[in-house]
Amino acid sequence: QVYLVESGGGLVQAGGSLRVSCAASVFTFNNYAMGWFRQIPGKEREFVAAISASGGFTKYADSVKGRFSISRDNAKKTGYLQMNSLKPEDTAVYYCAVRFNIGYSASYVYTGRNEYADWGQGTQVTVSS
C-alpha cells in the first residue's frame, strides 16, 4: 500500500554528519505523520525522532536532542533525518515509518513503534571512533 525507501546511510567518523532520506510512494505526503527509529542487533527498535503531518511539530529522543533534526518536503514526498555530531553509540540501522493521519490532528506527533504501520527497509549508519 505504502512504500518507503531509505537512503543516505554510510560510514562516518565520530563528530561528523550524515543525512538519511525517506522517499514515500504516496499521493499526498502531508496526509501522513512520519517518524525515524533505529535498531541495534540484539535490541528492540527505538524511537529517534518524529514529525507531525503538518510538519510544524517535532519530538526527539533525549539521546539525540540538539544533534539530530527531522524534516520533510511534502512536494518531494520525502522525509529527512539530519544527524550531526555523530557518536559511535548512534551506530544502528535507521528506519523510516509513516502513519496515515486523516481523521487525526495534523499537529500530533507519534513516538511509539506500534503507532506506525508502514516501514522502510532500513539504512545502515556506522559511526567510527
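Quick caveat, the model's predicted, so the values are computed rather than measured.
- Listed here is the closest heavy atom pair of V20 and M83: CG1-CE, 3.8 Å.
- Among the candidates S71, S52, C96, the single residue satisfying the side chain to side chain contact (heavy atoms under 4.5 Å, CB included) test with M34 is C96.
- Between R38 and D90 there is a salt bridge, since at least one side-chain N of the basic residue sits less than 4.0 Å from a carboxylate O of the acidic one.
- Side-chain contact, N84 with S17: a donor N or O sits under 3.5 Å from an acceptor N or O.
- Applying the ring pair (Phe, Tyr, Trp, His ring centres under 6.0 Å) test to pairs two or more places apart or on separate chains, those with a residue in residues 5-39 are Y32-F100, F37-F47, F37-Y116, F37-W119.
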Point to revise | Residues N31, V26; criterion side-chain contact (heavy atoms from CB on, under 4.5 Å); working and verdict | key: CA-CA 9 Å; N31 287 341; V26 297; over 6 Å; no
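- Panel note: side chain Q124, backbone G10; no donor-acceptor pair is recorded below 3.5 Å.
- Taken from CD1 in I70 to CD in Q82, the straight-line distance is 12.0 Å, to the nearest 0.5 Å.
- Between the side chain of S25 and the main chain of V2, no donor-acceptor pair closer than 3.5 Å is present.
- Residues K76 and T78 come closest through the heavy atom pair O-OG1, 2.9 Å.
- When all heavy atoms are compared, the tightest approach of Y60 to F68 is CE2-O, 3.3 Å.
- Between the side chain of K87 and the backbone N or O of A14, no donor-acceptor pair lies under 3.5 Å.
- Using a 4.5 Å cut-off on side-chain heavy atoms (C-beta onward), R72 and Y80 make no contact.
- Closest of all the heavy-atom pairs between L4 and D118 is CD1-O, 3.4 Å.
- Grouping Ile, Leu, Val, Met, Phe, Trp and Tyr residues whose side-chain heavy atoms lie under 4.5 Å apart, directly or via other members, places V109 in a hydrophobic cluster with F57.
- Here SG of C22 is found 5.5 Å from CD of E6. Values are rounded to the nearest 0.5 Å.
- Residues I40 and A92 share a closest heavy-atom pair of CG1-CB, 3.9 Å.
- Looking at T123, its side chain does come within 3.5 Å of a backbone N or O of G9 through a donor-acceptor pair.
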Exercise for review: Output, in order, the C-alpha distance, side-chain angles, deciding distance and verdict of side-chain contact (heavy atoms from CB on, under 4.5 Å) for Y104 and R99.
Suggested key: CA-CA 10 Å; Y104 302 89; R99 170 194 172 95; 3.6 Å; yes
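- The NZ atom of K65 lies 10.0 Å from the OG1 atom of T58; values are rounded to the nearest 0.5 Å.
- A donor-acceptor pair under 3.5 Å is absent between the side-chain atoms of R19 and the main chain of L81, judged by distance alone.
- For R113 and E44, the salt-bridge test passes: some basic side-chain N is under 4.0 Å from an acidic carboxylate O.
- At a threshold of 4.5 Å between non-hydrogen side-chain atoms, the residues T91 and V125 do not count as touching.
- At distances below 3.5 Å, not a single donor-acceptor pair connects side-chain atoms of T28 with backbone N or O atoms of N30.
- Counting all heavy atoms, side chain and backbone alike, A53 lies closest to N101 at CB-ND2, 3.9 Å.
- Summarising the geometry, atom CD belonging to E46 is positioned 5.5 Å from atom OG belonging to S63; distances are rounded to the nearest 0.5 Å.
- When hydrophobic residues (I, L, V, M, F, W, Y) are linked wherever their side-chain heavy atoms come within less than 4.5 Å, Y3 remains an isolated member.
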